[in-house]
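Here is the structure we will look at, set down as structure tokens.
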Amino acid sequence: DEIRVFAPATVANMICGFDILGFALDEPGDEVIMKRISTPGVVITEITGDDGRLPLDPEKNTVSACVQFLLHNLGLQHEVGVEIKLHKHMPIGSGLGSSAASTVAGLFAINALLGSPLSKEELLPYCVEGERLACGTGHADNVAPALFGGITLIRSTEPLDVISLPTPKELYAAVVFPQVDVPTRDARQLIKEKVLLKDAVTQWGNIAGLVAGLFKEDYDLIARSMHDVLIEPTRAILIPQFYEMKQIALEEGALSFGISGSGPSVVAVTRDRAIAENIKIRIQQHLNESEIESFGYVSSV
Ligand code: HSE
């Protein structure tokens, strides 16, 4: 009675769709190993890859808290006991949906160990609750793609209405994480609550254009649409070298470039794996010259 579950890193917002669009990467991702034990309750026996930053206390750890919450809601908290090992393979606070990957892996694992009483759709609200615990708001644009894979649209959060969008065959992402700390909570506080109508019109034109581009597999339309006039100008100041990195990516042929989730990771979307590899290398070299350490990943979308 043991299960090992992998949940992928995700790129929230997909540049223009703040809180409503996101896509999953092939790698990196987090891993949860969950085992049934005879004593009821949830215990965490091991966490690796977190530099000691995550609590082992099952009440405070997001993964175990969500598992407990699910067991409670199913009326099983006095019957079922599980032991959790969490292996993190991506940095915390990186803008790659690190908390979402762990939460989704944990909830998928407990559901599978129970014989899958809940569908993925029914599991999603528990994952959103995990995000609320981790960063203060229940945005679903990381947990939904981590759970369903591919590209997802969060049409509404209350009530939850999530739609899987088509994934064009030739879409790749180069993701680079410059090692500066940008907690999602802080990156959200920075954003202005009011937007100008003319900017809102530009933004929803772009979002609609991107969704149409995905359905038509029209890479030019996708490239024209992936611009963010609302959030990026404010958040870019938290990311060293943002505009320099953007220039490199666009010069090297990226369809688009922007912030991954709430940052500090940045993402270049390309039509070709080799272009994505090259952009990742060029950006990492550039950061290196500025003495900023970085991790980079290339993945299909
Ligand atoms: N949509 C969220 C944000 C994602 O941009 O704050 C956080 O990972």
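Just follow the structure's listing: the first ligand is 1, and inside any ligand the first atom is 1. All values reported here derive from a predicted model rather than from experimental measurement.
- Ranking protein heavy atoms by distance to atom 1 (N) of ligand 1, first place goes to Asp19 OD1, 2.5 Å.
- Residue contact check: Ala12 has heavy atoms under 4.0 Å from atoms 4 (C) of ligand 1.
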Handout entry: side-chain contact (heavy atoms from CB on, under 4.5 Å) evaluation trace for Asp186 with Leu190
Key = CA-CA 6 Å; Asp186 299 354; Leu190 199 74; over 6 Å; no
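- Residue contacts with ligand 1, taken as heavy atom pairs separated by less than 4.0 Å, involve Asn142 solely via side-chain atoms from C-beta onward.
- Judged by distance alone, the side chains of His286 and Glu244 never bring a donor and an acceptor atom under 3.5 Å apart.
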Exercise for the section: Before giving the answer on ring-ring contact (aromatic ring centres under 6.0 Å, His included), spell out for Phe242 and Phe257 the whole-Å C-alpha distance, their side-chain angles and the decisive distance to 0.1 Å. Expected result: CA-CA 10 Å; Phe242 179 81; Phe257 176 90; 5.4 Å; yes
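- Nearest protein heavy-atom contact of atom 7 (C) of ligand 1 is His139 NE2, 3.4 Å.
- Atom numbering of ligand 1 starts at 1 in the shown order; those under 4.0 Å from a heavy atom of Arg188 are 1 (N), 2 (C), 3 (C), 6 (O).
- Residue-level proximity to ligand 1 for Arg235 is carried by the side chain, the only part with a heavy atom below 4.0 angstrom.
- Shown in contact with Phe18 at under 4.0 Å from a heavy atom are these atoms of ligand 1, numbered in order with element: 3 (C), 5 (O), 6 (O).
- Annotation for Glu251: atom CD counts as buried by contact number, over 12 foreign heavy atoms lying within 6.0 Å.
- By the 4.0 Å N-to-carboxylate-O rule, Asp19 lies close enough to Arg188 to be salt-bridged with it.
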Exercise for the section: Output, in order, the C-alpha distance, side-chain angles, deciding distance and verdict of side chain to side chain donor-acceptor pair (under 3.5 Å) for Tyr126 and Asn111. Expected result: CA-CA 11 Å; Tyr126 291 96; Asn111 191 47; over 6 Å; no
